[in-house]
Enquirer: 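Right, I'll just put the structure down here and ask away after.
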Amino acid sequence: MNAMFATKISMLQHVCVVPLARATRHRSFTVSASASTTVTPSRNLTVSSPTSTARAPHVDPRVLLGMSEHDLQQLAVEFGQQSYRGKQLHHLIYKRKAKEIQDFSHSGWKIGRSPIYHTVTAADGTVKLLLKLEDNRLIETVGIPVEDEKGSMRLTACVSSQVGCPLRCSFCATGKGGYSRNLQRHEIIEQVLAIEDIFKHRVTNVVFMGMGEPMLNLKSVLDAHQCLNKDVQIGQRMITISTVGVPNTIKKLASHKLQSTLAVSLHAPNQKLREMIVPSAKSYPLDAIMKDCRDYFAETSRRVSFEYALLAGVNDSVEQARELAELLHEWGRGYHVNLIPFNPIEGSEYRRPNKKTVSAFAGALESRKITVSIRQTRGLDASAACGQLRNNFQKSPLIIESDREESQSDVAVAY
């Protein structure tokens with residue numbers, strides 16, 4: 001069966017790709033990187049560098065992943081081919097999940113799929129992947145399978161939006177590992193496809209809760225969101241975008257009127273405590289973020305979810321739960337609180353509260369008519385749980401490929 005499948009893939013690649021690939025070798029063209037990548041004929045070959053272009057650094061103009069069916073059809077036409085060739089190419093990338101097309105590679109184009117550098121599997125089936133990017137930095141993405149009583153599986157991909165994170169929230173491992181750069185559009189999308197490859201199952205849900213602050217890379221996140229929705233065909237309501245809060249970005253997100261969930265990492269019921277837990281809160285006061293959340297609900301009619309990491313003896317008292325309820329009631333309705341018992345990270349002084357404390361905090365909110373959920377901890381033994389993503393190579397790239405085995409060993413334990 002596997003041999004037959006491989007033969008079909010090979011035939012499909014030959015039929016739909018070879019004519020296009022030949023065209024790329026025999027025609028000169030200019031690539032203009034924009035939100036909708038366009039290709040126009042020219043006498044001279046001019047390709048914007050993905051690292052130097054100031055106009056659209058979130059897009060590598062020579063990467064096919066992230067292009068819509070319309071983009072690929074236009075690409076085919078500009079190469080002197082029928083538009084249906086682009087449609088076939090779209091099928092190959094998003095349905096067949098092709099990782100490489102040799103003829104295109106020879107022409108300087110690429111799908112945009114990174115190799116899996118390392119995997120860690122938790123006892124509960126959660127899998128953490130480390131993908132090695134083109135600049136030899138590593139990012140992490142997590143696949144979380146949940147099977148219901150009927151036997152059907154929900155597969156959630158927790159994706160990263162940056163290499164590391166510059167915000168350095170005190171309870172989160174990612175910021176402690178340093179920050180390098182934003183991810184490009186295709187580097188976000190490929191994480192979902194990598195999870196599908198590992199599980200041999202379609203991803204049903206995507207949460208932007210991996211490494212990085214999505215609102216600091218909003219252009220790439222929105223472009224990736226569009227591709228995941230339109231091309232990978234994951235429903236908007238199955239996608240969650242998380243943020244700790246970046247001034248003016250919630251307003252920008254609201255203007256797009258997405259049907260996806262906005263999850264705001266609150267972690268405290270007052271400004272003083274929030275600044276201690278989330279240093280970046282100093283530039284974005286609690287009243288300002290709550291006003292933006294209220295306006296977001298008015299603009300989109302989508303309920304805002306508040307993430308609240310429970311830290312033992314810091315923000316987990318019943319009195320603080322009551323203060324949180326008062327804050328939410330003051331700023332509107334339709335809010336939901338997702339409680340996250342702290343997941344241990346190396347070098348942190350924070351502790352995880354016991355179940356009785358978590359239950360009491362949740363009860364205090366519910367008694368004040370605030371809807372609450374307690375996040376089930378997944379992937380804890382693989383350092384893949386919320387707040388635990390970190391690796392040795394998110395700030396500095398891998399040194400040399402020959403150190404691969406030693407580096408893998410370091411990555412596996414350095415969380």
Side-chain angles (χ1 to χ4, degrees), residues 5 9 63-69 90-100 111-122 124-133 138-148 150-162 183-212 214 217 220-242 258-263 305 338 375-379 382 384-386 388-389:
F5 181 76
I9 287 289
V63 168
L64 300 173
L65 186 62
M67 288 188 179
S68 68
E69 184 173 308
H90 184 273
H91 180 85
L92 189 64
I93 295 169
Y94 296 109
K95 300 298 183 185
R96 296 294 188 178
K97 309 295 194 301
K99 295 181 181 178
E100 183 180 356
I111 295 286
R113 299 287 302 274
S114 299
I116 295 175
Y117 182 79
H118 192 67
T119 64
V120 184
T121 303
D124 62 14
T126 297
V127 177
K128 178 173 64 178
L129 306 181
L130 282 83
L131 301 182
K132 189 179 77 170
L133 305 179
L138 301 181
I139 57 166
E140 308 193 8
T141 186
V142 179
I144 308 166
V146 177
E147 191 171 310
D148 62 23
K150 295 181 180 179
S152 61
M153 186 170 78
R154 182 177 79 246
L155 180 58
T156 298
C158 178
V159 301
S160 298
S161 55
Q162 296 179 304
L183 291 181
Q184 295 183 339
R185 172 181 66 183
H186 73 278
E187 293 172 326
I188 297 174
I189 300 164
E190 68 169 327
Q191 296 175 58
V192 174
L193 303 185
I195 292 295
E196 292 188 338
D197 286 344
I198 288 292
F199 282 89
K200 308 301 181 190
H201 192 282
R202 185 175 179 275
V203 165
T204 58
N205 299 69
V206 175
V207 293
F208 283 82
M209 295 182 179
M211 301 170 72
N217 190 19
S220 289
V221 166
L222 287 173
D223 279 4
H225 179 284
Q226 180 174 325
C227 179
L228 292 171
N229 176 227
K230 300 293 186 182
D231 302 296
V232 184
Q233 296 191 331
I234 297 172
Q236 284 199 26
R237 296 199 174 196
M238 300 295 107
I239 301 175
T240 297
I241 299 175
S242 176
L258 303 181
Q259 287 300 295
S260 297
T261 298
L262 171 64
S305 177
N338 187 18
R375 181 176 296 176
Q376 180 183 2
T377 301
R378 300 294 305 273
C386 182
Q388 291 188 312
L389 300 187

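Residue indices begin at 1 and follow the sequence shown. Fair warning: this is a prediction, and the values are worked out from it, not measured in the lab.
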Enquirer: With sequence neighbours left out, what residues match Ser161 under side-chain hydrogen bond (donor to acceptor under 3.5 Å, both in side chains)?
Expert: none

Enquirer: Of Leu193, Ile111, Asp197, which is the lone residue that meets side chain to side chain contact (heavy atoms under 4.5 Å, CB included) with Lys99?
Expert: Asp197

Enquirer: So Leu228 and Val192, do their side chains get closer than 4.5 Å, heavy atoms only?
Expert: yes

Enquirer: To the closest 0.5 Å, what do you measure between NE2 (His90) and OG (Ser68)?
Expert: 7.0 Å

Enquirer: Find out whether Val120 and Val127 are in side-chain contact, i.e. whether some heavy atom of one side chain is under 4.5 Å from a heavy atom of the other.
Expert: no

Enquirer: Mind checking salt bridge (charged side-chain N to carboxylate O under 4.0 Å, His left out) for Glu69 and listing every partner two or more places apart, or none if nothing turns up?
Expert: none

Enquirer: Could you check if a side-chain atom of Val159 sits within less than 4.5 angstrom of a side-chain atom of Ile189, using non-hydrogen atoms only?
Expert: no

Enquirer: Identify, with sequence neighbours excluded, every residue that meets salt bridge (charged side-chain N to carboxylate O under 4.0 Å, His left out) alongside Lys95.
Expert: none

Enquirer: Can any side-chain N or O of Gln191 pair as donor or acceptor with the backbone N or O of Glu187 at less than 3.5 Å?
Expert: yes

Enquirer: If you take all heavy atoms of Pro214 and Phe208, which pair is closest and at what distance?
Expert: CG-O, 3.6 Å

Enquirer: Find the distance between CD1 (Ile198) and OG1 (Thr119) and round it off to the nearest 0.5 Å.
Expert: 6.0 Å

Enquirer: Nearest 0.5 Å, what's the OH-CG distance between Tyr94 and Leu65?
Expert: 5.0 Å

Enquirer: Starting at CG of Leu131, measure out to CG of Leu183 and round the result to the nearest 0.5 Å.
Expert: 9.5 Å

Enquirer: Apply side-chain hydrogen bond (donor to acceptor under 3.5 Å, both in side chains) to Arg237 and list each qualifying residue two or more places apart in sequence or on a separate chain.
Expert: Gln259

Enquirer: Would you compute the distance between atom CG of Leu92 and atom NZ of Lys97 and round it to the nearest 0.5 angstrom?
Expert: 11.0 Å

Enquirer: Compare all side-chain heavy atoms of Leu130 with those of Ile116 and state whether any distance is below 4.5 angstrom.
Expert: no

Enquirer: Are the side chains of Val142 and Leu129 in touch, meaning some heavy atoms are under 4.5 Å apart?
Expert: no

Enquirer: Return the minimal non-hydrogen interatomic distance between Gly112 and Val63, and the atom names on each side.
Expert: CA-CG1, 3.8 Å

Enquirer: Counting C-beta onward and ignoring hydrogens, is there a side-chain heavy-atom pair between Thr261 and Ile239 closer than 4.5 Å?
Expert: no

Enquirer: Under 3.5 Å, is there a donor-acceptor pair between the Ser220 and Asp223 side chains?
Expert: no

Enquirer: Between Glu100 and Arg113, is there a salt bridge with N-O shorter than 4.0 Å?
Expert: no

Enquirer: Look at the side chain of Thr141 and the backbone N and O of Cys158, then say whether any donor-acceptor pair between them is shorter than 3.5 Å.
Expert: yes

Enquirer: For a 4.5 angstrom cut-off between non-hydrogen side-chain atoms, does Asp231 reach Ile93?
Expert: no

Enquirer: Step by step, would you call Gln233 with Arg202 a side-chain contact (heavy atoms from CB on, under 4.5 Å)?
Expert: CA-CA 10 Å; Gln233 296 191 331; Arg202 185 175 179 275; 4.0 Å; yes

Enquirer: NE2/His225 to CD1/Ile241 distance, rounded to the nearest 0.5 angstrom?
Expert: 5.0 Å

Enquirer: Which residues satisfy the side-chain contact (heavy atoms from CB on, under 4.5 Å) test with Arg154, sequence neighbours excluded?
Expert: Val146, Thr156, Thr204, Asn205

Enquirer: Is Met211 close to Gln162 at the side-chain level, that is, under 4.5 Å between some pair of heavy atoms?
Expert: no

Enquirer: Give the minimum heavy-atom separation between Gly66 and Cys227, together with the two atoms involved.
Expert: CA-SG, 3.9 Å

Enquirer: According to side-chain hydrogen bond (donor to acceptor under 3.5 Å, both in side chains), who are the partners of Ser114, at least two apart in sequence or on a separate chain?
Expert: Glu190

